[in-house]
J.: 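Supplied in structure tokens, the structure appears directly below.
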Amino acid sequence: MWRRVASVSHLFSHSKSTKFNQQGASTFKIWETFTSESEIPTPSKGSLFVTFVLGGPGSGKGTQCAKIVEAFGFTHVSAGDLLRREIASGSAYGSVILSTIREGKIVPSQVTVELIQKEMESSDNYKFLIDGFPRSEENRKAFEKTIGAEPDVVLFFDCPEQEMVKRVLNRNQGRVDDNIDTIKKRLEIFDELNWPVINYYSQRGKLHKINAVGTVDEIFEKVRPIFAPLSK
Ligand SMILES: Nc1ncnc2c1ncn2[C@@H]1O[C@H](COP(=O)(O)OP(=O)(O)O)[C@@H](O)[C@H]1O
Ligand SMILES: O=c1ccn([C@@H]2O[C@H](COP(=O)(O)OP(=O)(O)O)[C@@H](O)[C@H]2O)c(=O)[nH]1
Ligand SMILES: [Mg+2]
């Protein structure tokens, strides 16, 4: 079990050498070329499987993650939720995290990666959805260095800005960053820092770009085939 080992990085480096992880990336590359499900072997249970979930604020990452969890049994690790939990817990980093989120900026990688690592270590699962991370190339490199792994799959929910702004302003979860001024800053930061990450995974053949306009169920029907080779 994950929590019984001293460090996740050990497991990641081990898992890198497993049959599944050597085949994982190419398996999903094949999916992009061929649409037949039979082309994809079912990955063996127990090998670590990491999915990064990217997209601008309000693109529907969290909403789709809940559907993926339900259908495919992933553990949902939302970087934003972990940071908000850290603020609520009264941690020493809390006030810095709060002001960073309020300004729509990105929390230092060291803080976020450590929270993600702890969350993964405390889970018995081997399938993880890392939601809203990495938000920058620096985030991406810090994850790789600390955890010692790359994602198997990267989802990118592609949504027009106008739609994202509308959704965020209607989100109604009492978040300090769901106001028009912070949203504008978040969109600027997304354009500047997240696109390089998206392009990086696109070049590596790991990116699955999903049009995020439509009903929640319509969008999930585009997500579902990506995970079809995974059993729950
Ligand atoms: N396909 C959709 N159509 C309309 N509203 C949506 C859709 N998906 C999510 N929402 C709503 O938009 C808001 C933002 O969704 P959320 O999943 O929190 O996005 P993100 O995590 O990318 O910021 C939420 O209020 C959610 O209920
Ligand atoms: O890896 C992360 C994830 C989130 N955040 C901060 O937390 C905010 C909210 O992130 P979340 O993913 O919850 O927002 P969403 O995109 O889902 O609206 C971001 O704007 C950032 O300020 C961050 O700094 N690093
Ligand atoms: Mg979210």
Side-chain angles (χ1 to χ4, degrees), residues 50-70 76-88 93-120 128-144 146-147 151 154-194 197-198 209-223:
V50 173
T51 297
F52 283 163
V53 183
L54 307 181
S59 58
K61 301 182 292 298
T63 303
Q64 292 298 322
C65 281
K67 305 275 291 179
I68 299 166
V69 165
E70 197 186 331
H76 181 199
V77 179
S78 159
D81 285 351
L82 292 177
L83 293 168
R84 286 183 284 273
R85 197 168 79 189
E86 195 68 2
I87 296 168
Y93 295 128
S95 61
V96 182
I97 297 173
L98 177 61
S99 54
T100 308
I101 289 179
R102 191 178 274 132
E103 289 166 26
K105 293 181 179 164
I106 296 173
V107 172
S109 299
Q110 200 191 336
V111 173
T112 315
V113 171
E114 194 180 313
L115 291 173
I116 292 172
Q117 185 178 27
K118 274 193 201 151
E119 196 69 7
M120 292 176 79
F128 293 94
L129 289 174
I130 313 289
D131 167 8
F133 179 96
R135 277 180 137 87
S136 66
E137 280 286 275
E138 198 229 328
N139 271 178
R140 177 183 70 71
K141 288 173 188 163
F143 182 93
E144 277 174 23
T146 306
I147 310 289
V154 180
L155 303 182
F156 166 45
F157 290 101
D158 188 24
C159 195
E161 281 198 3
Q162 212 184 351
E163 177 68 17
M164 290 194 278
V165 171
K166 193 176 84 183
R167 289 183 192 175
V168 167
L169 291 178
N170 287 322
R171 183 152 45 188
N172 229 358
Q173 290 176 357
R175 281 175 47 170
V176 293
D177 53 347
D178 282 354
N179 59 78
I180 191 64
D181 290 338
T182 310
I183 293 163
K184 280 182 188 163
K185 287 182 201 148
R186 294 171 70 195
L187 289 170
E188 277 169 28
I189 302 242
F190 176 80
D191 274 347
E192 185 190 346
L193 300 179
N194 213 226
V197 179
I198 291 163
K209 183 172 152 183
I210 294 140
N211 181 348
V213 180
T215 66
V216 170
D217 287 344
E218 280 167 356
I219 295 161
F220 185 62
E221 288 314 313
K222 296 181 224 168
V223 171

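Just so it is clear, the values below take in all heavy atoms, side chains as well, and ignore hydrogens, waters and symmetry mates. Both ligands and their constituent atoms are indexed starting at 1 by order of listing.
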J.: Could you check atom 11 (C) of ligand 1 against the protein and tell me its nearest heavy-atom contact, residue, atom and distance included?
T.: Arg167 CD, 4.3 Å
J.: Quick one: does Arg135's side chain get under 4.5 Å of Leu193's, heavy atoms only?
T.: no
J.: Looking at ligand 2, does any of its N/O atoms fall within less than 3.5 Å of an N/O of Val107?
T.: yes
J.: Thinking salt bridges, do Glu114 and Lys118 make one under a 4.0 Å N-O criterion?
T.: yes
J.: CD of Glu86 to CG of Leu115: how many Å apart, nearest 0.5 Å?
T.: 5.0 Å
J.: Is the shortest side-chain N to carboxylate O distance from Glu163 to Arg167 below 4.0 Å?
T.: yes
J.: Check each atom of ligand 1 against the heavy atoms of Gly62 and keep those under 4.0 Å away; list them by number with element.
T.: 17 (O), 21 (O)
J.: Mark up the atoms of ligand 1 that fall under 4.0 Å of a heavy atom belonging to Gly56, in ascending order.
T.: 22 (O)
J.: Heavy-atom distances under 4.0 Å are what count here, so tell me which part of Arg171 touches ligand 2: side chain, backbone, both or neither.
T.: side chain
J.: Hey, is ligand 1 close enough to Gly58 that some N/O pair sits below 3.5 Å?
T.: yes
J.: Measuring from atom CZ of Phe220 to atom OG1 of Thr215, what distance do you get when rounded to the nearest 0.5 angstrom?
T.: 12.0 Å
J.: Going by the atom numbers of ligand 1, which of them fall below 4.0 Å from some non-hydrogen atom of Thr215?
T.: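 In order of numbering, the contacting atoms are 1 (N).
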J.: Could you work out, for atom 1 (N) of ligand 1, the closest of Gly60, Gly214, Cys65, Ala66 by heavy-atom distance?
T.: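 Shortest heavy-atom distance from atom 1 (N) of ligand 1: Gly214.
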J.: Does a side-chain N-to-carboxylate-O contact under 4.0 Å join Asp178 and Arg186?
T.: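 Yes, Asp178 and Arg186 are salt-bridged.
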J.: Measure the OG1-CG distance between Thr182 and Leu187 for me, rounded to the nearest 0.5 Å.
T.: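 If I round to the nearest 0.5 Å, the distance is 11.0 Å.
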J.: What are the atoms of ligand 2, with element, lying closer than 4.0 Å to any heavy atom of Ala79?
T.: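 Counting from 1, the qualifying ligand atoms are 1 (O), 2 (C), 3 (C).
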J.: Take atom CD of Gln110 as the centre, draw a 6.0 Å sphere, and report whether it contains more than 12 heavy atoms from other residues, nucleotides or ligands.
T.: no
J.: Is the shortest N/O to N/O distance between Thr63 and ligand 1 below 3.5 Å?
T.: yes
J.: Which residue holds the protein heavy atom closest to atom 17 (O) of ligand 2, what is that atom called, and what is the gap in Å?
T.: Lys61 NZ, 3.7 Å
J.: Between Glu119 and Ile116, is the side-chain contact (heavy atoms from CB on, under 4.5 Å) condition met? List the steps.
T.: CA-CA 5 Å; Glu119 196 69 7; Ile116 292 172; 5.7 Å; no
J.: What class does the angle between the rings of Phe143 and Phe133 fall in, given that below 30° is parallel, 30 to 60° is tilted and above 60° is perpendicular?
T.: tilted
J.: What protein heavy atom sits nearest atom 5 (N) of ligand 2, and how far off is it?
T.: Leu83 CD1, 3.4 Å
J.: Starting at CD1 of Ile130, measure out to CZ of Phe52 and round the result to the nearest 0.5 Å.
T.: 6.5 Å
J.: Compute the shortest N/O to N/O distance between Asp131 and ligand 2 and return yes if it is under 3.5 Å, no if not.
T.: no
J.: I'd like to know if Arg140 pairs up with Glu137 as an ion pair, taking the criterion as any Lys NZ or Arg NE/NH1/NH2 lying under 4.0 Å from an Asp or Glu carboxylate oxygen.
T.: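 Between Glu137 and Arg140 there is a salt bridge, with a charged N closer than 4.0 Å to a carboxylate O.
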J.: Distance under 4.0 Å to a non-hydrogen atom of Ile219: what atoms of ligand 1 satisfy this?
T.: 1 (N)
J.: Who's the nearest protein heavy-atom neighbour of atom 12 (O) of ligand 2, and how far?
T.: Arg135 NH1, 2.9 Å
J.: Can you pull out the closest protein heavy atom to atom 8 (C) of ligand 2? Residue, atom name and distance to 0.1 Å, please.
T.: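 Protein heavy atom at minimum distance: Asp177 OD2, 3.9 Å.
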J.: Going by the atom numbers of ligand 2, which of them fall below 4.0 Å from some non-hydrogen atom of Ile106?
T.: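 Atoms satisfying the 4.0 Å criterion: 24 (O).
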J.: Looking at NZ of Lys222 and CG of Leu155, how far apart are the two atoms once the value is rounded to the nearest 0.5 Å?
T.: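 Answer for the NZ-CG pair, Lys222 versus Leu155, is 12.5 Å.
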J.: Do NZ/NE/NH1/NH2 and the carboxylate oxygens of Lys61 and Asp131 come within less than 4.0 Å?
T.: no
J.: If you measure from each non-hydrogen atom of Lys185 to ligand 2, which part falls under 4.0 Å: side chain, backbone, both or neither?
T.: neither
J.: Looking at ligand 2, does any of its N/O atoms fall within less than 3.5 Å of an N/O of Ser78?
T.: no
J.: Nearest protein heavy-atom contact for atom 22 (O) of ligand 2: which residue, which atom, what distance?
T.: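 The closest one turns out to be Lys105 O, 2.5 Å.
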J.: Check contact between Arg84 and ligand 2, using heavy atoms of the residue and a distance below 4.0 angstrom.
T.: yes
J.: Of the protein's non-hydrogen atoms, which lies at the shortest distance from atom 7 (O) of ligand 2, and what is that distance?
T.: Ile101 CG1, 3.6 Å
J.: Just by distance, do the side chain of Lys209 and the backbone of Asp158 share a donor-acceptor pair under 3.5 Å?
T.: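 No, the answer is negative, given that no donor and acceptor are paired below the 3.5 Å cut-off.
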J.: Checking the N or O distance criterion of under 3.5 Å, is ligand 1 in contact with Lys61?
T.: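 So ligand 1 has an N or O lying under 3.5 Å from an N or O of Lys61.
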J.: May I ask you to check if ligand 1 and Asp131 share an N or O to N or O distance below 3.5 Å?
T.: no
J.: Any N or O on Arg186 sitting closer than 3.5 Å to an N or O of ligand 2?
T.: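 Looking only at distances, the answer is yes, because the N/O contact criterion of under 3.5 Å is met.
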